[in-house]
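Each ligand, and each atom within it, is numbered from 1 in the order the structure gives.
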Amino acid sequence: PTLLALRGVGKVFSNGVTALSDVDLTIREGDFLSLLGPSGCGKSTALRLIAGLSTPTSGVLDWRGGGSLDRANIGFVFQEPTLLPWASVFDNVWLPLRLKGISRAKAAPAISEMLARVHLTGFEDAVPRELSGGMKMRVSIARAMVTKPRVLLMDEPFAALDEITRFKLNNDLLELWQDERFTVVFVTHSVFESVFLSNRVVVMAARPGRVFDELAIEASYPR
Ligand code: ADP
Ligand code: ADP
């Protein structure tokens, strides 16, 4: 079933830059969809619109034929992990639950389970500066997923990591998604990464006027 349809979506910023023009895109429940395209083609803009962090200047975002998805149902992972530097791994992952009024003790089982899922068991008390880039990214993913959002939005999450770390994280993310089947929209400029991870790859192309060139490519192997 359709989770979200973008219909004729455009975004013109106040400085006159057209980032998106007439985008039509349907995201199905359980998709692992990659937005693939060169720098500056509007991928982040599209993701921010989906996240509700920005509004389109034309067209509509249609959440399952009406309404809008509750913000709490969306997890966001950026390239920069944005962890609380003074807080432990455990407390960083607790944060979204804490904001919902859930005590540390009550949140503990969910936090431990999420940390196990991202292979960080044993690092609960570490603080971010003691962790590698890959481990910080794992904490970010755990923090985004601990509330069990229906949709996970990822903006070039692994672009700053070395190749091997990136490949390990790709595998772990894929494993998480295969187990839980949440919907993922994954922004990348890596062809390899998009094909490895996704069941749908939507290609965006930079053009004069920055038209969103949408091709949905089904991966050649089953998911
Ligand atoms: P991508 O994620 O594919 O690299 P972006 O969505 O970040 O592309 O940007 C698309 C275009 O819109 C770029 O030309 C960028 O400079 C411009 N842009 C992005 N955000 C803003 C903004 N808030 N105001 C003005 N221009 C913006
Ligand atoms: P919206 O109209 O969707 O609220 P804004 O135009 O207010 O978006 O810009 C959102 C943010 O992006 C602002 O914090 C702005 O400073 C920042 N920004 C401005 N220009 C650019 C740019 N060229 N590329 C990326 N981000 C930008």
Side-chain angles (χ1 to χ4, degrees), residues 3-28 31-63 68-69 71 74-83 133-134 136-137 140-141 143-145 149 151-163 165-167 169-170 173-174 177 182-217 219:
L3 178 70
L4 170 66
L6 282 75
R7 298 191 216 284
V9 167
K11 178 73 180 179
V12 181
F13 287 103
S14 41
N15 62 355
V17 172
T18 301
L20 297 172
S21 170
D22 207 20
V23 174
D24 289 311
L25 174 65
T26 299
I27 300 168
R28 299 183 303 241
D31 268 348
F32 195 131
L33 185 146
S34 283
L35 282 182
L36 174 69
S39 244
C41 72
K43 303 182 297 297
S44 295
T45 301
L47 208 62
R48 288 172 54 81
L49 291 176
I50 293 168
L53 297 170
S54 171
T55 50
T57 42
S58 55
V60 291
L61 275 80
D62 196 359
W63 286 100
S68 76
L69 193 69
R71 285 286 168 77
I74 299 183
F76 215 122
V77 175
F78 302 94
Q79 185 176 319
E80 215 33 67
T82 66
L83 303 173
K136 281 186 243 188
M137 184 48 67
S140 289
I141 294 171
R143 184 183 56 183
M145 292 308 297
V151 184
L152 178 62
L153 305 177
M154 305 183 89
D155 195 350
E156 298 269 9
F158 310 143
L161 303 173
D162 68 82
E163 188 100 17
T165 302
R166 189 169 182 164
F167 190 62
L169 276 157
N170 277 339
L173 176 61
L174 198 50
W177 174 75
F182 44 93
T183 305
V184 187
V185 183
F186 189 94
V187 163
T188 182
H189 54 237
S190 163
V191 176
F192 171 80
E193 192 167 65
S194 67
V195 172
F196 180 77
L197 285 172
S198 313
N199 70 331
R200 293 177 63 202
V201 178
V202 174
V203 181
M204 291 175 70
R207 280 186 182 172
R210 296 196 173 82
V211 173
F212 184 109
D213 210 16
E214 196 212 317
L215 304 173
I217 304 167

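Considering backbone and side-chain atoms alike, Gly42 places an N or O below 3.5 Å from some N or O of ligand 1. Taking any N or O of Phe13, backbone or side chain, none lies under 3.5 Å from an N or O belonging to ligand 1. Residue-to-ligand polar distances place Gly40 within reach of ligand 1: an N/O pair is separated by less than 3.5 Å.
Ligand-side atoms of ligand 1 in range of Lys43: 1 (P), 2 (O), 3 (O), 4 (O), 6 (O), 8 (O), range being under 4.0 angstrom from any heavy atom. Atom numbering of ligand 1 starts at 1 in the shown order; those under 4.0 Å from a heavy atom of Val17 are 12 (O), 14 (O), 17 (C). Of all the atoms in ligand 1, the ones that sit under 4.0 Å from a non-hydrogen atom of Ala19 are 10 (C), 11 (C), 12 (O).
A donor-acceptor contact shorter than 3.5 Å is absent between the side chain of Ser140 and the backbone of Val77. Side-chain N or O atoms of Lys11 include none that pairs as donor or acceptor with a backbone N or O of Val17 at under 3.5 Å.
The two residues Thr165 and Gly134 come nearest to each other via the heavy atoms CG2-CA, 3.6 Å. Closest approach of Ala144 and Phe76 over heavy atoms only: CB-O, 4.0 Å. Taking both residues in full, the closest heavy atoms of Leu161 and Leu169 are given as CD1-CD1, 3.3 Å, listed atom of the first, atom of the second, then distance.
Residue Asn15 touches ligand 1 through its side chain alone, judged by heavy-atom distances below 4.0 Å.
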With side chain to side chain donor-acceptor pair (under 3.5 Å) as the test, would you mind laying out the steps for Thr26 and Arg200 before giving the verdict?
CA-CA 11 Å; Thr26 299; Arg200 293 177 63 202; over 6 Å; no

Walk me through whether Ser34 and Ser198 qualify under side chain to side chain donor-acceptor pair (under 3.5 Å).
CA-CA 6 Å; Ser34 283; Ser198 313; 2.4 Å; yes

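Within the structure, the closest approach of Pro38 to ligand 1 falls below 4.0 Å when heavy atoms are considered. Residue contact check for ligand 1: Ser39 places a non-hydrogen atom closer than 4.0 Å to it.
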